[in-house]
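Chain letters run A, B, ... following the sequence lines, proteins first, then strands; residues in each count from 1.
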There are 2 protein chains.
Amino acid sequence: MTSILMIDDDVALTQLVAEYLQLDGYQFKAVHQGPEGLELAKSNTFQLVLLDIMLPGMDGLTVLKQLRQHSYCPVLMLTARGDEIDKVVGLELGADDYLAKPFSPRELVARIKAILRRVELIQHQQQPQLSALQVNGLRLDSAKRQVLVGEQPLILTATEYQILELLLRHAGDVVSKEDLSQLALGKRLQLYDRSLDMHISNIRKKIAQYDEGEKIQTLRGLGYVLLEGEQ
Amino acid sequence: MTSILMIDDDVALTQLVAEYLQLDGYQFKAVHQGPEGLELAKSNTFQLVLLDIMLPGMDGLTVLKQLRQHSYCPVLMLTARGDEIDKVVGLELGADDYLAKPFSPRELVARIKAILRRVELIQHQQQPQLSALQVNGLRLDSAKRQVLVGEQPLILTATEYQILELLLRHAGDVVSKEDLSQLALGKRLQLYDRSLDMHISNIRKKIAQYDEGEKIQTLRGLGYVLLEGEQ
DNA sequence: AAGCCAACGTAAAGGTTGTGTAAAGGACTG
DNA sequence: CAGTCCTTTACACAACCTTTACGTTGGCTT
């Protein structure tokens with residue numbers, strides 16, 4: 001059961017959000033004070049925290065900063081309209097996303113799901129027993145931070161390795177460009193941002209030096225898949 | 001019991017609509033002021049809202065915009081004749097349909113039923129326990145966003161997949177072209193719009209590569225059904 | 001039964017959008 | 001300040017969706 005904590009002094013808003021998230025099957029709890037929220041968040045019993053920036057008593061950014069000293073728990077910041085600066089600061093402090101008020105419940109749920117899906121990707125990523133795995137002629141050696149094509153080690157940059165590792169660890173699954181960008185490049189995918197495409201292109205080129213077969217398949221509009229050779 | 005809220009300052013009209021909808025077995029309530037209607041709509045006790053664009057006090061579009069920040073509740077906009085622009089704006093703000101005044105009760109009821117049916121389709125769609133299902137030689141793997149014919153995976157475009165998934169999830173039921181267009185293509189079905197027909201044609205062609213049997217049956221004037229093999 | 005017409009099937013053309021990639025531009029490092 | 005890496009720019013291309021056009025089908029009228 002996924003539990004979500006909301007820290008916001010707007011009681012009416014928290015009640016509204018409570019309704020929607022409970023409809024979607026989430027466990028939900030709201031508190032209206034910064035310090036109280038911080039304590040609860042630190043307890044690590046919630047999979048996600050919705051955090052308002054404007055809070056009486058203790059600023060949302062302060063809460064975030066202190067929380068990050070204890071916990072990686074994903075945080076979605078809620079900001080009043082036009083707090084551009086706060087957004088930037090929040091993301092730098094380690095917020096996972098931000099959402100400007102007023103927001104639609106639809107949008108909120110979509111953002112929450114996106115974050116949780118990404119967290120799952122990361123956790124899947126970190127399973128140590130999969131430190132070495134082999135797919136379709138590619139061998140990942142995450143201890144050495146290296147990928148082999150056949151016997152040939154690829155000379156990858158740090159970013160290229162991260163992207164390829166992510167794809168390898170989810171071989172057969174579609175990984176969205178949004179997720180790849182956030183997890184490997186550490187930034188939201190912007191319109192007309194082509195850098196991820198370039199990395200993919202470069203990775204393909206390096207693999208193709210040793211193996212002509214198609215490894216990374218493009219799914220237009222969806223993302224990329226690392227093809228498994230045969231089932 | 002399905003409850004419908006009508007927000008319209010024309011008292012005579014609301015009484016008329018009340019009669020018809022109650023005859024059809026709907027719970028009905030009318031209010032004549034924007035703010036009051038907004039409060040009621042936000043309470044989520046109604047399955048559908050009929051919303052007049054011309055309202056004293058608070059504009060119907062404003063009501064809609066504010067409602068959408070709190071609720072998914074379906075909205076059918078009522079517009080005075082010739083408010084073409086309003087229609088467009090309303091649909092962009094998230095109205096589900098519009099109906100020009102004066103309208104016949106018969107038409108109103110038809111539109112209401114269409115919207116409610118679509119909402120049910122979507123809800124049915126979202127049931128996660130049905131992530132994998134098999135019908136008549138077709139297997140849906142929604143985790144991988146893939147459909148298999150026998151063992152062969154189909155190479156579908158995003159749109160084709162959406163259409164086929166919708167049909168598969170309602171196998172044995174007729175799905176209207178209007179619904180398919182709105183849910184898979186994201187637009188109302190226009191007169192002489194043949195793009196949905198083309199998608200169906202292409203899907204059939206792709207399935208037929210591996211299985212000659214008739215999967216998608218046309219019901220002239222009604223829509224399409226994904227045939228279940230045997231009962 | 002013939003004829004009409006609207007709905008549908010689909011090939012081909014048209015237009016739009018996302019992606020591939022070379023090359024140039026920045027940013028950082030030692 | 002040279003080298004490495006990441007990003008941006010620019011253009012080409014391919015995939016995709018839609019439109020057009022014409023043929024076919026099925027229901028309805030006369």
Side-chain angles (χ1 to χ4, degrees), chain A residues 92 145-147 154-167 174-209 212-227, chain B residues 145-147 153-167 174-209 212-227:
Chain A
E92 271 174 14
R145 230 182 148 68
Q146 191 170 255
V147 177
L154 287 180
I155 300 169
L156 298 170
T157 69
T159 307
E160 286 164 5
Y161 174 81
Q162 279 212 280
I163 292 171
L164 189 49
E165 182 182 16
L166 199 59
L167 289 173
V174 186
V175 185
S176 73
K177 292 176 79 167
E178 175 68 33
D179 287 350
L180 279 171
S181 178
Q182 290 205 32
L183 293 178
L185 307 185
K187 62 178 185 183
R188 301 285 302 267
L189 185 62
Q190 304 292 330
L191 200 61
Y192 305 128
D193 185 340
R194 310 301 311 286
S195 72
L196 178 61
D197 305 63
M198 281 313 304
H199 288 300
I200 294 284
S201 172
N202 292 329
I203 293 171
R204 279 172 171 158
K205 218 183 298 172
K206 288 182 179 179
I207 293 176
Q209 290 175 349
E212 296 284 340
E214 185 186 19
K215 310 292 182 188
I216 302 176
Q217 187 184 29
T218 305
L219 293 182
R220 197 184 163 84
L222 298 175
Y224 296 97
V225 197
L226 201 133
L227 295 174
Chain B
R145 226 185 150 72
Q146 197 169 253
V147 177
L154 288 180
I155 299 168
L156 299 170
T157 69
T159 306
E160 287 164 5
Y161 174 83
Q162 279 212 281
I163 293 171
L164 189 49
E165 181 182 18
L166 199 61
L167 289 173
V174 186
V175 185
S176 73
K177 293 176 74 167
E178 175 67 32
D179 288 351
L180 279 171
S181 178
Q182 289 204 33
L183 294 178
L185 307 185
K187 61 177 187 183
R188 300 286 304 268
L189 186 62
Q190 305 291 330
L191 201 60
Y192 305 128
D193 184 340
R194 311 301 312 286
S195 72
L196 180 60
D197 305 63
M198 281 312 305
H199 287 300
I200 294 284
S201 171
N202 292 330
I203 293 171
R204 280 172 171 156
K205 217 183 299 173
K206 288 182 179 179
I207 294 176
Q209 291 175 347
E212 296 284 340
E214 184 186 19
K215 309 293 181 187
I216 302 175
Q217 186 183 29
T218 305
L219 294 181
R220 199 183 163 83
L222 298 175
Y224 296 97
V225 198
L226 201 133
L227 294 174

Send over the distance from [X] [atom1] to [N] [atom2], rounded to a whole Å.
| X | N | atom1 | atom2 | answer |
| --- | --- | --- | --- | --- |
| Glu214(B) | dT25(D) | CD | C1' | 14 Å |
| Arg204(B) | dT10(C) | CZ | P | 6 Å |
| Asp197(A) | dA22(C) | CG | P | 13 Å |
| Glu178(A) | dT19(C) | CD | C1' | 17 Å |
| Leu191(A) | dT9(D) | CG | P | 13 Å |
| Gln162(A) | dC5(D) | CD | C1' | 14 Å |

Output yes when at least one side-chain N/O atom of Lys177(B) is less than 4.0 Å from OP1 or OP2 of dC8(C), else no.
-> yes
Please check the phosphate of dG18(C) (OP1 and OP2 only) for any side-chain N or O of Tyr224(A) closer than 4.0 Å.
-> no
Approximate separation, where rounding is to 0.5 Å, of Gln217(B) CD and Leu226(B) CG | 10.0 Å
Sub-3.5 Å donor-acceptor pair from the side chain of Ser181(A) to the main-chain atoms of Lys187(A), do we have one?
-> yes
So with a 6.0 Å cut-off around CD1 of Ile155(B), is the heavy-atom count from everything else above 12?
-> no
Assess whether side chain to side chain contact (heavy atoms under 4.5 Å, CB included) is satisfied between Arg204(A) and Thr218(A), documenting all intermediate values.
-> CA-CA 11 Å; Arg204(A) 279 172 171 158; Thr218(A) 305; 2.8 Å; yes
List the protein contact pattern of nucleotides 13-23 of chain D with one symbol per nucleotide (5' to 3'): B for base contact, S for sugar-phosphate-only contact, - for none; contact means a heavy-atom distance under 4.0 Å.
-> --BSSSBBB--
Looking at Glu178(A) and Arg188(A), does any basic side-chain N land under 4.0 Å from a carboxylate oxygen?
-> yes
Working for side chain to side chain contact (heavy atoms under 4.5 Å, CB included), residues Leu219(A) and Arg145(B) = CA-CA 11 Å; Leu219(A) 293 182; Arg145(B) 226 185 150 72; over 6 Å; no
